[in-house]
Amino acid sequence: LKDMGSGHLACGDYQGARPFLFRAIHLTLRMQKVSPTRRCTELLATAYAQVAETFLLEESHEHVVENSAKSLEQYRLLYPTKRFSIGHGGLSRSLLVHAKALRGSGRHSESFRCAKQSYKMNLCFHLIARSPETLRQLVESIVELGIAHRCRGDAVKAKELFRLASSKIQDRMDGVGTEVAVANLLAMALTDGHSVEMKAYRDALIRHASENPPVRLKGESTLDRADSRLNVGRVFHVEMAYELADHYYRECLRTYERRFMRSAESRGHSMIVTALYYLGNLHQDKGEYDEAYAFYLRSLAMARKLFPASE
């Protein structure tokens, strides 16, 4: 059951993975009551971590925090001392997911601590194993630590970590870690208004996308690609290359809607709200006020569904 859940997760089918994982957890808890074993604890640790990941992209941060905390609890039973926990891939992955969920919940101090701990573990793990997978995990933890510093207002440290992540993976891997790191650098350049950096990072992302076509991407990587393309569209928007900006914005919107609007019950996602807002802003700058108004209304309507407390 757990392996079937893992298969769905690897293919990006998060909702399909969840029933298998929940069933695996239920049966393992029953077995653990009868005859507790180390194998049961390992299964629970990994299954809870995978359930947390299925909720992560849906922005169900409370569910992510709950399940990643349960995963960490099981890992601490397996590795009760720092000597045995350092460098364990599953534990460091759970810490990383926990950090992302805490950040999404606005608990930035706790998120920073988890991201830092995950980075230290992944660094130790990679120094020992030196494999493509440990490098990929290390880069992801560096990027998350950079985002944590950015949330704390430490732009200098954030840029340093994003550049480190980009340089570590650039010549070795499929480049997903590079894409996320460079996309964050581009977002910071847009905020600061550094036109030279904006163009350099934009061109790097366009070149990277051409070398790593979407067919290679699955699950979270597809959304990472969409996030980076959205920032590329923002640069073209600033440069008043409106047709190119419109192309990138709509491409991202289609990706987000395919992922998060799979059924009539779907409420949407904050990234759909963002893409709709940028399209409205683009049409407003072009003087197409009716189209801008329509996009703004769609963005506002979805935002009200997602964040009713902010009314």
Side-chain angles (χ1 to χ4, degrees), residues 1-3 5-10 12-29 32 38 40-80 82 84-125 133-134 136-148 151-152 177 180 219-221 223-224 260 269-270:
L1 285 166
K2 183 190 155 299
D3 287 345
S6 300
H8 281 276
L9 190 61
D13 183 7
Y14 299 99
Q15 293 180 343
R18 215 171 286 151
F20 292 108
L21 294 170
F22 278 137
R23 183 65 177 156
I25 289 170
H26 174 70
L27 292 173
T28 307
L29 286 171
Q32 198 174 44
R38 184 179 179 84
C40 285
T41 307
E42 288 174 347
L43 281 169
L44 286 172
T46 54
Y48 277 128
Q50 289 177 331
V51 169
E53 292 204 49
T54 67
F55 283 114
L56 187 62
L57 291 177
E58 296 177 1
E59 297 189 319
S60 301
H61 298 303
E62 291 181 5
H63 290 105
V64 182
V65 171
E66 177 189 351
N67 285 282
S68 57
K70 289 178 179 178
S71 174
L72 290 172
E73 182 183 345
Q74 297 298 320
Y75 274 121
R76 285 172 184 138
L77 292 174
L78 286 169
Y79 306 99
K82 288 186 178 179
F84 294 105
S85 64
I86 285 179
H88 189 275
L91 175 57
S92 62
R93 179 66 191 171
S94 289
L95 278 167
L96 186 62
V97 172
H98 200 56
K100 290 180 179 182
L102 290 168
R103 171 166 55 84
S105 303
R107 296 156 65 178
H108 297 302
S109 296
E110 295 172 77
S111 174
F112 176 77
R113 286 195 295 271
C114 284
K116 192 172 183 179
Q117 193 175 355
S118 175
Y119 163 68
K120 288 179 177 178
M121 286 186 177
N122 278 314
L123 180 59
C124 292
F125 199 33
E133 183 56 35
T134 59
R136 188 180 286 111
Q137 290 183 18
L138 174 60
V139 168
E140 191 175 355
S141 62
I142 293 172
V143 171
E144 183 58 32
L145 185 57
I147 295 172
C151 291
R152 288 159 63 95
V180 178
E220 191 171 358
S221 300
L223 297 178
D224 289 338
F260 298 112
H269 192 273
S270 63

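Only a predicted model underlies this, so the values are computations on that prediction, with no experimental measurement involved.
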Participant: What are the two closest heavy atoms between Glu144 and Ser111, and how far apart are they?
Facilitator: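 Smallest interatomic distance, heavy atoms only, reads OE2-OG, 4.2 Å.
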Participant: Working to the nearest 0.5 Å, report the span between NZ of Lys2 and CG of Leu27.
Facilitator: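 That separation rounds to 14.0 Å.
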Participant: I'd like to check the side-chain contact (heavy atoms from CB on, under 4.5 Å) partners of Ala52; sequence neighbours left out, ordered by chain and number.
Facilitator: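 Once residues adjacent in sequence are excluded, the partners of Ala52 under the side-chain contact (heavy atoms from CB on, under 4.5 Å) criterion are Val64, Asn67, Ser68, Val97.
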Participant: Mind checking what makes side-chain hydrogen bond (donor to acceptor under 3.5 Å, both in side chains) contact with Thr28, not counting sequence neighbours?
Facilitator: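 Scan of Thr28 (side-chain hydrogen bond (donor to acceptor under 3.5 Å, both in side chains), adjacent residues dropped) gives none.
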Participant: Applying side-chain hydrogen bond (donor to acceptor under 3.5 Å, both in side chains), can you list everything that pairs with Glu73, at least two apart in sequence or on another chain?
Facilitator: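 Expected list: none.
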Participant: For Lys70, enumerate each residue passing the salt bridge (Lys or Arg N to Asp or Glu O under 4.0 Å) test, keeping only those at least two apart in sequence or located in another chain.
Facilitator: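 Residues passing salt bridge (Lys or Arg N to Asp or Glu O under 4.0 Å) with Lys70: Glu66.
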Participant: Could you tell me which residues satisfy side-chain contact (heavy atoms from CB on, under 4.5 Å) with Gln32, sequence neighbours excluded, listed by chain and number?
Facilitator: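 With sequence neighbours excluded, Gln32 shows a side-chain contact (heavy atoms from CB on, under 4.5 Å) to Leu29, Pro36, Cys40, Thr41, Leu44, Gln74, given in chain and number order.
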Participant: Does Glu110 have any side-chain hydrogen bond (donor to acceptor under 3.5 Å, both in side chains) partners at least two apart in sequence or in another chain, and if so, which?
Facilitator: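 Once residues adjacent in sequence are excluded, the partners of Glu110 under the side-chain hydrogen bond (donor to acceptor under 3.5 Å, both in side chains) criterion are Arg107.
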Participant: For residues 19-28, which residue pairs pass the salt bridge (charged side-chain N to carboxylate O under 4.0 Å, His left out) check, not counting sequence neighbours?
Facilitator: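 Counting only pairs at least two positions apart or across chains, no salt bridge (charged side-chain N to carboxylate O under 4.0 Å, His left out) contact touches residues 19-28.
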Participant: To check you understand the geometry: which heavy-atom pair defines the closest contact between Leu91 and Tyr75, and what is its length?
Facilitator: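 Heavy-atom minimum between the residues: CD1-CB, 3.5 Å.
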Participant: Could you work out, with side-chain hydrogen bond (donor to acceptor under 3.5 Å, both in side chains) as the rule, every residue matching Thr54, not counting sequence neighbours?
Facilitator: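 Per chain and number, Thr54 pairs via side-chain hydrogen bond (donor to acceptor under 3.5 Å, both in side chains) with Arg18.
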Participant: Are any of the side-chain nitrogens in Glu140 or Lys100 under 4.0 Å away from the carboxylate oxygens of its partner?
Facilitator: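 Yes, Glu140 and Lys100 are salt-bridged.
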Participant: Rounded to the nearest 0.5 Å, what's the gap from CG on Asp3 to CG on Leu21? Could you check?
Facilitator: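 If we round to the nearest 0.5 Å, Asp3:CG and Leu21:CG are 10.0 Å apart.
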Participant: Just say parallel, tilted or perpendicular for the rings of Phe55 and Phe22, cut-offs at 30° and 60°.
Facilitator: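 If you compare the ring of Phe55 with that of Phe22, the planes turn out tilted.
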Participant: Testing the basics here: between His108 and Arg103, what is the closest heavy-atom pair and its distance to 0.1 Å?
Facilitator: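 So the minimum-distance heavy-atom pair works out to CE1-O, 3.7 Å.
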Participant: According to ring pair (Phe, Tyr, Trp, His ring centres under 6.0 Å), who are the partners of His26, at least two apart in sequence or on a separate chain?
Facilitator: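 For His26 there are no ring pair (Phe, Tyr, Trp, His ring centres under 6.0 Å) partners, ignoring immediate neighbours.
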Participant: Can you give each donor-acceptor pair under 3.5 Å made by side-chain atoms of residues 112-119, sequence neighbours left out, with the distance rounded to 0.1 Å?
Facilitator:
{"unit_1": "Ser118", "atom_1": "OG", "unit_2": "Ser92", "atom_2": "O", "d": "3.0"}
{"unit_1": "Ser118", "atom_1": "OG", "unit_2": "Asn122", "atom_2": "ND2", "d": "3.3"}

